[in-house]
Amino acid sequence: MSTAERVVFEHVTKRYPGTSAGNAGAVEDLSLEIPAGKVCVLVGPSGCGKTTSLKMVNRLIEPTSGRILVGDQDVARRDVIELRRSIGYVIQQVGLFPHQTVAENVATVPRLLGWVETRRRARADELLGLVGLDPGRYAGRYPSALSGGERQRVGVARALAADPPVLLMDEPFGAVDPIVRERLQNELLRLQEQIAKTIIFVTHDIDEAIKMGDLVAVMQLGGHLAQFGPPADVLANPASDFVARFVGADRGLKRLALIRVAELELRAPLTARAGDDAAAARARAAADPFPYLLLVDDRGRPLGWLDDRRIPATGSIGADNVEPASPLLDRHTTLKDALSMLLEAGVQAGIVVDADGAATGIVTVEMIIERVRPA
Amino acid sequence: MIDWAWIGDHLGAIGGRLLQHIELAAIALAVGFAISFGLAIYSVRVRRAYPIVTGIAGVLFTIPSLALFSALVPVTGINTLTVEIPLVLYTLVIYVRNIVSGIDSVPAEVVEAADGMGYTQWDRLRRVELPLAVPLMIAGLRLASVSTIGLVTISGVLGQAFGGLGFFIFERPTFATEILVGAVGSITLALTADLGFAALQRRLTPWNRREVGDEIATSGRSAAPGLTGM
């Protein structure tokens, strides 16, 4: 499970006869390069040509002009049946074969390729496991006995059966409820870490595009490519009014969801331990632009905040009378979640802790805003 | 009113006529299906042929059977062919419509998935569309068998060599027992065939039996591994 190939669109145009340019489903001079192993999301309003673009890769639709390369080969020069068997294809309605069991469905392309029964069966079991369905329980069932989310997982397993270098997914999670959709999105991202396929993913949902894509291609009516780049760039610097409107007025918040605490330059907190000299601690706090001391235990785990009102003038620091040390963040917390937690707690700073619970730094509201401020 | 003694004396003849009835009907059902299958596949591929095929088959279906049997005599003489030609022609409209509807009933997303995964047109027909058309094809077979078994009785008009159980209806129109044997026998045969094909359909389409209770349990339990990954 390691092959992946780049996909390149070179000046691809699709016009439908009898319609003027700008009509639904048309594509106009699309050029894109999707590196091997990356997820590229085609996103845009309905009729913008995103599904047409996808279907031109496996030639369910033939372009009017231009060419598409998978690897270094022009798809138009390949045998169409052989081409389709070498590209995974997942659609919104899944399209499982109702008269075949789950295992037979998954082994569809291997059967077309002439694999022997034992090898097909082993492969089906392996893939069901990969998408989180126990083969012992699911292999012999018919699709009518599955829930929507299970069907979609079987659809993904089926698309991966012959280990294709490229996977096409046309609104794969559009027909399931929001909770199942989020779960399937997370599962696909985790799966992609293992399989590292080149995935072209179509959606009309900008949030899904930002979440799933290494690259996002925003398309607009008439089949024009409005912007192509990593989601963070599209959010930070929309190329046009259309893109700015499409990504939404809350694009600043959406950008926060793409950045994790680990990417910030964390500020080291001023720490103190119970029993430290109070006067010296007071002096240290007063000298810092963020005049709070973090009281930690002997293993560095935060106990609470001390401001100058809580630090005695003389003697030593006690472990009582501290402001609770919340919220606690970790390196993987997104800035969106971090900001939300700070607002919720009504505080200026959150404490970043490592796996052992020891404080490694602090994040302030100011730092978060600074990180996403337009350059 | 019913002459049971006559029935008792003629059990051998009744059994023989029953077998003849089954044979005449089975030949028509099989030949009719083969011809209709070809016409239906052609109609699916060449869509504009479909209204022409069903139009002609529909007109044939409106010809009174009594007239058609008699009309063929100058052409074919009086033999099995004279019986089978009308019987076959009457099945066409039923079969063709049901086979085409069966193939049309395959959901568009299933066809798209098959194309997208690299099925050839022939593979798609053989492995996807025809298996999924089985319920409607068998519905056609049930209708055609009931209709054909009824029509076999009318072939008794061609003489004592034909008619299956219909022979008894034509032999002595004034003898109630014989008419009842012919009619009730034919009806019973038609019902039996209908039920038999219904059972066949259940056997051939195991995927149609939904495991409803199981589905609820499944979707509930499968939630767990997904949630841990979030």
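Bear in mind the structure is a predicted one, so any value in this text is a computation, not a measurement. Residue numbers begin at 1 in each chain, while the letters A, B, ... track the order of the sequences.
No other option in A:Gln93, A:Arg85, A:Gln100 has as many heavy-atom pairs under 4.5 Å with chain B as A:Arg85. Chain B forms the most heavy-atom pairs under 4.5 Å with one residue out of A:Leu112, A:Leu113, A:Val90, and that residue is A:Leu112. Contact count versus chain B (heavy atoms, under 4.5 Å) is highest, among A:Gln92, A:Glu82, A:Lys55, for A:Lys55.
In this structure, A:Arg120 contributes its side chain and A:Glu104 its backbone to no donor-acceptor pair below 3.5 Å. The main-chain N or O of B:Phe162 is found under 3.5 Å from a side-chain atom of B:Arg17 such that the two form a donor-acceptor pair. Looking at A:Lys197, its side chain does come within 3.5 Å of a backbone N or O of A:Pro164 through a donor-acceptor pair.
Only the backbone of A:Leu96 comes within contact range of chain B, with heavy atoms under 4.5 Å apart. For A:Val180, no part lies under 4.5 angstrom from a heavy atom of chain B. Using a 4.5 Å cut-off between heavy atoms, A:Ile81 touches chain B through backbone and side chain atoms alike. Contact annotation for B:Ala114: both backbone and side-chain heavy atoms come within less than 4.5 Å of a heavy atom of chain A. Of the atoms belonging to A:Gln185, not a single heavy atom falls under 4.5 Å from chain B.
There is no side-chain donor-acceptor pair under 3.5 Å between B:Gln121 and B:Arg124.
Aromatic ring centres of B:Tyr90 and B:Tyr95 lie farther apart than the 6.0 Å criterion allows.
Note that B:Arg45 lies outside the cation-pi zone of B:Tyr42, set by a 6.0 Å cut-off to the ring centre and a 45° limit from the axis.
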